[in-house]
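Since this is a predicted model, take the numbers as computed values, not measurements. Heavy atoms only: backbone and side chains are in, while hydrogens, waters and symmetry mates are out. In this chain, residues are counted from 1 in sequence order.
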Amino acid sequence: MAATSDQSKGACFYQEWMTLQEQELSELNKAIGSGSSHADLSRLIDKIVTHFQDYVQRRSQMARGDVAPYFAPTWCSSLERSVLWIGGCRPSSYVRLIYALCGAEIESRLSEFLQGERVELGCLGELSGRQLVMVDELQRKTIVEERNLSGRMASLQEQLLDNPLAAIAMGGGGGGLEAALDEHGRAMGAVLEEADRLRLSTLKEIMRILTPRQAVDFLAASKKHRLCMQEWGRKRDLEHGRN
């Protein structure tokens, strides 16, 4: 019964979060289309970042009871689970999205550039040299931290195979198994919390680097991508008979 309750809570929490993503995307699109002031855009950005911080804190509390489901959540589609990194997206993917959006804006107006016409790019196509340097530095730092956390996760997986599970395979185990699994769960929870902190700090740094208008464009694109991943994943699961 407790397992069913935990599963239900996780699924409800996920659905609440995805519903909030839809609402925030609508707010972002409205702000982009209405020509909101920098002050209004900044307030919207702060609200969205706070929502993410609240989500991270609440999920961390929920995961303390049983962390393993948050690394391969059954409430996500197979496609969503296939791209997870320590319970979420890679923080460096935020930076790659900036580069992708910047390049897409420039490429979409390339023919006009070549014809010598004056071209007004979208906000993310107009990153300054200083901004590009800061984004590059952030990407380098984030990748190093990602690799450190990935290494810690690999060590935890190896330890689980080398110790309690190896004892079971050899006919042992006993009362020490539950204690070992609990300790392993706490260690995984600590890594999940650090990964979430890295995701949050990377997002905050990106918001600091970008102008309010650029940040709103970035957030709108990232939320649209996340919602599309959910939709595509559900569609493919239905096509392959996975419910």
Side-chain angles (χ1 to χ4, degrees), residues 1-33 36 40-94 97 149 185-186 188-207 215-239 242-243:
M1 193 63 140
T4 302
S5 177
D6 287 346
Q7 177 75 6
S8 177
K9 287 179 182 177
C12 288
F13 180 57
Y14 165 76
Q15 190 52 55
E16 288 174 8
W17 176 245
M18 295 308 295
T19 298
L20 180 60
Q21 300 314 290
E22 293 177 353
Q23 294 170 356
E24 289 180 343
L25 177 58
S26 177
E27 289 184 66
L28 289 162
N29 285 335
K30 183 178 178 181
I32 291 169
S36 299
D40 288 338
L41 294 178
S42 294
R43 280 191 289 271
L44 177 57
I45 292 163
D46 289 343
K47 182 176 76 169
I48 289 173
V49 172
T50 298
H51 284 167
F52 183 52
Q53 187 164 334
D54 292 343
Y55 164 80
V56 165
Q57 292 173 346
R58 187 177 164 198
R59 187 176 74 158
S60 177
Q61 293 171 353
M62 293 173 67
R64 285 170 191 163
D66 184 18
V67 69
Y70 293 89
F71 283 80
T74 55
W75 45 83
C76 291
S77 66
S78 300
L79 176 61
E80 290 171 286
R81 289 195 297 273
S82 72
V83 297
L84 286 180
W85 174 82
I86 313 185
C89 65
R90 285 183 175 273
S92 60
S93 69
Y94 302 159
L97 179 59
L149 287 171
R186 286 191 291 271
M188 287 180 63
V191 174
L192 177 62
E193 289 183 13
E194 287 194 39
D196 279 341
R197 281 197 292 271
L198 181 57
R199 280 184 274 264
L200 180 59
S201 65
T202 303
L203 178 62
K204 287 182 175 180
E205 184 63 16
I206 287 173
M207 296 300 97
V216 165
D217 282 352
F218 167 81
L219 289 170
S222 65
K223 291 182 185 298
K224 183 176 180 180
H225 178 267
R226 180 65 188 88
L227 290 164
C228 284
M229 284 289 288
Q230 182 192 44
E231 182 181 349
W232 296 333
R234 286 177 173 175
K235 182 174 181 292
R236 290 183 68 83
D237 278 351
L238 286 173
E239 288 174 352
R242 297 186 292 263
N243 294 325

Side-chain donor or acceptor of Gln230 paired with backbone N/O of Arg226 under 3.5 Å: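 Such a contact is absent between Gln230 side chain and Arg226 backbone.
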
Check [X] against [Y] and note the closest heavy-atom contact, atom names and distance.
| X | Y | value |
| --- | --- | --- |
| Leu41 | Ser36 | CD2-CB, 3.9 Å |
| Lys223 | Gln21 | NZ-OE1, 2.7 Å |
| Leu192 | Gly87 | CD1-CA, 4.1 Å |

Which pairs would a plain distance check flag for residues 48-57, meaning a side-chain donor or acceptor within less than 3.5 Å of a matching protein atom at least two apart in sequence or in another chain?
unit_1	atom_1	unit_2	atom_2	d
Thr50	OG1	Asp46	O	2.8
His51	ND1	Glu24	OE2	2.5
Gln53	OE1	Lys204	NZ	3.1

Tell me every residue that passes salt bridge (charged side-chain N to carboxylate O under 4.0 Å, His left out) with Lys30, counting only those two or more places apart in sequence or in another chain.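 Not a single residue meets the salt bridge (charged side-chain N to carboxylate O under 4.0 Å, His left out) criterion with Lys30.
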
Who pairs with Arg234 by salt bridge (charged side-chain N to carboxylate O under 4.0 Å, His left out), at least two apart in sequence or on another chain?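 If we apply the salt bridge (charged side-chain N to carboxylate O under 4.0 Å, His left out) test to Arg234, skipping adjacent residues, there are no hits.
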
For residues 63-76, which side-chain N or O atoms pair as donor and acceptor with protein atoms under 3.5 Å away, sequence neighbours left out?
unit_1	atom_1	unit_2	atom_2	d
Thr74	OG1	Gln7	OE1	3.3
Thr74	OG1	Gln7	NE2	2.2

With rounding to the nearest 0.5 Å, note down the distance linking [atom1] in [X] to [atom2] in [Y].
| X | Y | atom1 | atom2 | value |
| --- | --- | --- | --- | --- |
| Glu27 | Asn29 | CD | CG | 10.5 Å |
| Gln23 | Ser26 | CD | OG | 8.5 Å |
| Met207 | Thr202 | CE | OG1 | 11.0 Å |
| Ile206 | Ile45 | CD1 | CD1 | 12.0 Å |

Can you name the residues that form a side-chain contact (heavy atoms from CB on, under 4.5 Å) with [X], not counting sequence neighbours?
| X | result |
| --- | --- |
| Ala221 | Leu101 |
| Ser77 | Leu79, Glu80, Asp237 |
| Glu194 | Leu149, Arg152, Arg197 |
| Glu16 | Phe13, Arg58 |

Using side-chain heavy atoms (C-beta onward) and a distance below 4.5 Å, is Arg199 in contact with Leu203?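 No, every pair of side-chain atoms sits at 4.5 Å or beyond.
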
Do Met229 and Val83 come close enough that some side-chain heavy atom pair is under 4.5 Å?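 Sidechains of Val83 and Met229: in contact.
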
Kindly write out the residues that satisfy side-chain hydrogen bond (donor to acceptor under 3.5 Å, both in side chains) with [X], not counting sequence neighbours, or none if the list is empty.
| X | result |
| --- | --- |
| Arg81 | Ser78 |
| Glu239 | Lys235 |
| Lys224 | none |
| Ser92 | Arg96, Glu146 |

Please walk me through it: do Asp196 and Glu193 pass side chain to side chain contact (heavy atoms under 4.5 Å, CB included)? CA-CA 5 Å; Asp196 279 341; Glu193 289 183 13; 5.7 Å; no

